[in-house]
Amino acid sequence: MTAEAIETRGFETEVARLLHLMVHSVYSDKDIFLRELISNASDACDKLRYEALTDASLTADDPGFRVEIAIDRAARTLTISDNGIGMSHDELIANLGTIARSGTSAFVEQLSGDENKDMNLIGRFGVGFYSVFMVAGRVEVVSRRAGEAQAHAWESEGTGTYTLRPAERATRGTTIILHMREGEDEFLDPWRLKRIVKTYSDHIALPVILKAGADEGQTEDETLNAASALWTRPKSDITAEQYTEFYRHVGHAVDEPWATIHWKAEGTIEYTGLLFIPGSRPFDLFDPKRQSRLKLYVRRVFITDDCESLLPGYMRFVRGIVDSADLPLNISREMLQESALTAKIRAGLVKKILSELEKRSADVAAYRTFWDAFGPVLKEGLYEDFERREQILKIARFRSTKSGDDVISLADYVARMRPNQTAIHFITGDAATIASSPQLEAFKARDVEVLLLSDPIDDFWTGAGLDFEGKPFQSVTRGDIDLSLIPEAEDAGEKAAEAPEADIATLIGAAKLALGEAVKDVRVSKRLTDSAVCLVADANDMDMHLARLMRAAKGTGAADAPRILEINPRHPLVKALAIRAAAAASADDLADAAHLLLDQARIIEGEGPQDPIAFARRLSDMMVRAVG
Ligand SMILES: Nc1ncnc2c1ncn2[C@@H]1O[C@H](COP(=O)(O)OP(=O)(O)OP(=O)(O)O)[C@@H](O)[C@H]1O
């Protein structure tokens, strides 16, 4: 080989950081590197099996997919080979020189430089191929892409650079040779490797074979795993550990599944589903693509993990596989999206997941873990899945003015509705502050429970005109509210007297005149009991929090539609102002007071005064008058 044929390339900066961590790793579960390699080998075989559906020549010379492990104790090497799809020259660069997976880039983004902390992240994210450098000082990858004649060898010590050169490989596939570091001899022990494969890779659908010659006792090749697709085995034969390992493989996850759902649908369409609800939020849960990661197989042949129409976006947290007996093997990914069968499978999956969730919601503590992680995503279904709204509402949980640290169901809410209460009241906003919103005062005084909704999606579904058991949802910050038919709470206490109606009318007239277009209306509030003022949206306008979100999303400084300023005729400040208005106080003074009231209401809403300079002037004038 000529020296020119060898290319030396630098790793992408992020990879170099990651490798540094791997090389210096004291991470305790180093054996995960083998799981990653076998998992990659299995994926590579799946990909080729799919390509061979349209080009049988790709696998004609060697149709039996397998992963082989060979130990050479003298040379201190561990070799993992597969006869999967292989990698071309450019694919080697793209996959083993850069951060190819979003999971790994999320990992790198979290790196803090503190090695102890960063080490723990390995367990949380998994780092794929690069984990080999935890145990190997030098790694060679010889790969030949199926359908190509030339193989290429990639080699690195995990420190800054790698080399690429043309190489020989008799058939397609990938061979990974790990030159084990001093002190990592346990991974050259066949018994240790057998245990690792059994633990982590038993579910892999192709045989994982330990080659003869690993030690004196190993005179024949030995298949180490069950080598049948896990989902085809009877449930009673599958242990919880096997399910967990399979979940980690298909879900690229490192945690335990919160729920495992394995069933066979029979009838007009036939398919097997093995679905998992993760135990914690995957890093890409709020990725704008909202893509589902379910893997689709047709009669055990992997087809795609990129089929949008298999699960709705609001169930994108679900991981796992679906194996259909009815779809044609040669279906293209495009045809899949359109297929009526896909739509039927999707309906079946959604139904199954929702009914499982409903069943599991009976265990309040366990369900809370699910809800805290995925409730905000599932609620997207209230907005986009018209048919299943009722079902989703049934399993949705909410914080409320009476829930404390718990969450409640709508059935709980309805069961404790007050006499004559006809609607389900809610407020949307920032989790830290909504519970103390002045608009809630009258509800508290009448002991009416209000749902506290603080996920961004809440602003959308609550505007979709839903009801639960015939009770409409009603925002406490929008439109008119009349609670007069609901009895007051026993501990409501004495109420202060209202200012005379005529005086209030005069004050309102003066305030409207002063505020002009800045408000839609000024009126007496039925919501307030303690605070002087609050803002509400008109019944036909967008609710205030949603308007604020939309404005922030657009990034414009444009003002929202004018709101209604409500004043509390029992509040001492309002009463004093009403007396002054009635006594024909100076129009300027009343105008200043009206602006200050509006700014106060805006501040309570988390917005600044409309004109901060004018606000400061009016406030200091008032204070001068008060102390002067
Ligand atoms: N044995 C292999 N055969 C073919 N391609 C491979 C093989 N091993 C790795 N690759 C390629 O390299 C890419 C990066 O591998 P890596 O293990 O880092 O991440 P991943 O497999 O995508 O994710 P995960 O490890 O979470 O499964 C893979 O997506 C695949 O394209």
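Atom set for the values below is all heavy atoms of this structure, side chains included, hydrogens, waters and symmetry mates excluded. Both counts, for ligands and for their atoms, begin at 1 and track the order of listing.
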Nearest-0.5 Å distance that lies between atom OG in Ser201 and atom CG in Leu34 | 6.0 Å
Indicate the ring-plane relationship of Trp231 and Tyr297, choosing parallel, tilted or perpendicular according to the 30° and 60° boundaries.
-> tilted
Go through Ser280 and Asp255 one step at a time and tell me if the side-chain hydrogen bond (donor to acceptor under 3.5 Å, both in side chains) criterion holds.
-> CA-CA 7 Å; Ser280 52; Asp255 59 350; 2.7 Å; yes
Sub-3.5 Å N/O-N/O distance, Phe129 and ligand 1 = yes
Out of Asn83, Asp82, Val132, who gets a non-hydrogen atom closest to atom 1 (N) of ligand 1?
-> Asp82
Kindly check if the number of other-residue, nucleotide or ligand heavy atoms within 6.0 Å of CZ (Arg300) is above 12?
-> no
Only heavy atoms count here, so choose which of Ile80, Ile85, Asn95 is nearest to atom 30 (C) of ligand 1.
-> Asn95
Below 3.5 angstrom, do we get any N/O pair linking His252 and ligand 1?
-> yes
If we number the atoms of ligand 1 from 1 as shown, the ones under 4.0 Å from a heavy atom of Lys47 are 31 (O)
Under 4.0 Å from one or more heavy atoms of Glu36, ligand 1 contributes atoms 25 (O)
Consider every N or O of Asn40 and every N or O of ligand 1, then say whether any pair is closer than 3.5 Å.
-> yes
With a 4.0 Å cut-off on heavy atoms, is His249 touching ligand 1?
-> no
Using modelled atom types only, decide if a donor and an acceptor are shared between the side chain of Arg397 and the backbone of Trp371 within a distance under 3.5 Å.
-> no
So NE2 of His249 and CZ of Arg319: to nearest 0.5 Å the spacing works out to 14.0 Å
